[in-house]
Amino acid sequence: MADTSFSTRLLTWWDRHGRKNLPWQNERTPYRVWVAEIMLQQTQVKTVIPYFERFTARFPDMNTLADASVDEVLALWSGLGYYARARNLLRTAKICAEQHTGELPLTPEALLALPGIGESTANAIWSQANNHPAVVLDGNVQRVFARHDAIAGWPGKSSVRRKLWSAAEQVLPESRGADYTQAVMDLGATLCTRKNPVCDQCPVNSDCSSFRTGTVEQLPTPRPRLKITAHSFHVLILIDDQGRVLLERRPPTGIWGGLWSLPEHHNRQALEQRLGVEHDDMQSLPSLRHQLTHMKMTIHPHIGPAKPLATGVECNQDQRWFGPQDWSKIGLPKPIRQLLESHLAGDTTMSIRK
DNA sequence: AATTCGGGGTA
DNA sequence: TACCCAGAATT
């Protein structure tokens, strides 16, 4: 068997052991593959599945999605992270609805031109839609070829990424592009894993350089240490006489871009002054910590009544009152959603206002 | 070419 | 805790 090609051995293995019942596989339409590919960027399959089910149930096709509001799309994305993906998804849907009669354009170049679709994702969609082999280079595939061809260096570096792309390109099959894309990703996800890889079951171990030299566990090279910055800020939970909470829309760039969140500032006094509330009316809640990949934040919440008549707080496009029943309809940052739901589940009027 | 975007899975 | 996950856009 070792004299058959890499792709033949891989496909034979995949036919017997590959994953074939993932939600985006049983009805493998370009639309569903696209939604799945975007959700799966930097996000594990297990995490994505419930989000994918909810999202495609609400938006079963391109035109339905194109007509959605950004708030509803972000609501269904809430908790998944990397919210630019959701905004780009909606942008792409609108482009497809207006310029491509509600369909994804199925060429690599046209896909690459759409927001949120890079080289790897374009090829992943294209290969699965057209069954034409193409290089896909997600984290799984990077690991497979870093080991197979003993390519050292962190794959996040462009020089390393070019080598990996070339290695992947050289072993593409001539046919069965859709299955091959699944197969090479499945190999990385199920056998060629980061820790404890199952090399003795690997269909391509006979030509794997790092397996031969016993360096599988050393590759791929880990990313350089991130310096995790600490951020601390205050948020206000202002409740009006109807039990609604004041939320502000965050700017489209930066963390939690486009989501609704509580009024926030690193300086409590400045925050209270901006919102026009009395310091003594506010009751501090326990601080909560939220850890992200590149920062750890400490949130200091303060809760109290709003004074609609005395404050200059107006309702506008970026600042509105939302009741508990509205929170599921908008995108909220994970810790903010948890904060609201844990302290304000149900009726909020009685426990806060005196 | 390096940095910035979330949140969670896993050992 | 450390590291990574079906990466792309921005700086």
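Computed from heavy atoms alone, side chains included, the values below leave out hydrogens, waters and symmetry copies. Keep in mind it's a predicted model, so treat the numbers as computed, not measured. Each chain gets a letter, A, B and so on, in the order its sequence line appears, and its residues count up from 1.
Remark on DNA chain B: of its neighbouring residues A:Arg162 and A:Ile255, the 5'-side contact belongs to A:Arg162, judged by nearest-heavy-atom nucleotide. Positionally, the nearest nucleotide of DNA chain C for A:Gln291 lies more toward the 5' end than for the other of A:Leu40 and A:Gln291. If you find the closest nucleotide of DNA chain C to A:Gly139 and to A:Pro220, the one lying nearer the 5' end belongs to A:Pro220. Looking at which nucleotide of DNA chain B each of A:Thr253 and A:Ser159 is closest to, the 5′-most match is held by A:Ser159.
A salt bridge between A:Arg32 and A:Asp61 is absent, with no side-chain N of the basic residue lying under 4.0 Å from a carboxylate O of the acidic one. A salt bridge links A:Glu72 with A:Arg58: at least one charged nitrogen is closer than 4.0 Å to a carboxylate oxygen. The pair A:Arg28-A:Asp179 counts as a salt bridge, with a side-chain nitrogen and a carboxylate oxygen less than 4.0 angstrom apart. Between A:Lys94 and A:Asp67, no side-chain nitrogen of the basic residue sits less than 4.0 Å from a carboxylate oxygen of the acidic one, so the salt-bridge criterion is not met. Ion pairing between a basic and an acidic side chain is recognised when a charged N comes within 4.0 Å of a carboxylate O; A:Arg320 and A:Glu248 show no such pairing.
Between A:Phe55 and the choices A:Phe59, A:Phe52, A:Tyr51, the ring pair (Phe, Tyr, Trp, His ring centres under 6.0 Å) rule is met once, by A:Phe59. Evaluated for a ring pair (Phe, Tyr, Trp, His ring centres under 6.0 Å) with A:His234, the options A:His302, A:His265, A:His279 yield exactly one hit, A:His302.
Note on A:Thr293: a base of the nucleic acid sits closer than 4.0 angstrom, heavy atoms only. A:Thr43 comes within 4.0 angstrom of a nucleotide base, judged by non-hydrogen atoms across all strands. Among the heavy atoms of the strands lying under 4.0 Å from A:Gly254 are primed sugar atoms or P, OP1, OP2 only; no base atom is included. Within the 4.0 angstrom heavy-atom criterion, only backbone atoms of the sugar-phosphate kind lie near A:Gly79; the bases stay farther away. Note on A:Leu22: a base of the nucleic acid sits closer than 4.0 angstrom, heavy atoms only. Counting non-hydrogen atoms under 4.0 angstrom, A:Trp34 reaches nothing in the nucleic acid. Using a 4.0 Å heavy-atom cutoff across all strands shown, A:Gln182 reaches at least one base atom of the nucleic acid. Nucleic acid contact class of A:Val45 (heavy atoms, under 4.0 Å, all strands): sugar-phosphate only.
Side-chain contact annotation: A:His231 with A:Thr229, donor-acceptor N/O pair under 3.5 Å present. Looking only at atom types and distance, the side chain of A:Thr190 has no donor-acceptor partner in the side chain of A:Arg19 under 3.5 Å away. Between the side chains of A:Thr181 and A:Ser127, at least one donor N or O sits under 3.5 Å from an acceptor N or O.
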| Could you go step by step and tell me if A:Arg85 and A:Asn88 meet the side-chain hydrogen bond (donor to acceptor under 3.5 Å, both in side chains) rule? | CA-CA 5 Å; A:Arg85 294 183 295 174; A:Asn88 285 334; over 6 Å; no

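Between B:dT3 and C:dA6, the two P atoms lie 24 Å apart (nearest whole Å). With P as the reference atom, B:dG6 and C:dC3 are 22 Å apart, rounded to whole Å. On the C1' atoms, C:dC4 is 16 Å away from B:dC5, given to the nearest whole Å.
Between the P atom of C:dA6 and the CG atom of A:Leu80 lies a distance of 13 Å, rounded to the nearest Å. Atoms CG (A:Leu114) and C1' (C:dG7) sit 16 Å apart, rounded to a whole Å. Distance CZ (A:Arg28) to C1' (C:dA6): 14 Å, rounded to an integer number of Å. Whole-Å rounding puts the A:Lys195 NZ to C:dC5 C1' distance at 14 Å. Computed from coordinates, the A:Leu226 CG to C:dC4 P distance equals 10 Å when rounded to whole Å. For the pair A:Leu219 CG and C:dC3 C1', the interatomic distance rounds to 15 Å; values are reported in whole Å. In this structure, OH of A:Tyr180 is placed 17 Å from P of C:dA6, rounded to the nearest angstrom. Rounded to an integer number of Å, the gap from A:His294 NE2 to C:dC5 C1' is 16 Å.
Contact check, A:Gln42 against C:dC5: no side-chain N or O comes under 4.0 Å of OP1 or OP2.
For A:Arg19 and C:dA6, a side-chain-to-base donor-acceptor distance below 3.5 Å is present, hydrogens and geometry of angles not being considered. Side-chain atoms of A:Arg223 stay outside donor-acceptor range of the base of C:dC4, with no qualifying N/O pair under 3.5 Å.
Between chain A and DNA chain B, the heavy-atom contact criterion of under 4.0 Å yields a 5' to 3' nucleotide range of B:dA1 to B:dA11.
Residues from residues 141-153 of chain A placing a heavy atom under 4.0 Å of any atom in DNA chain C, listed by number, are A:Arg143.
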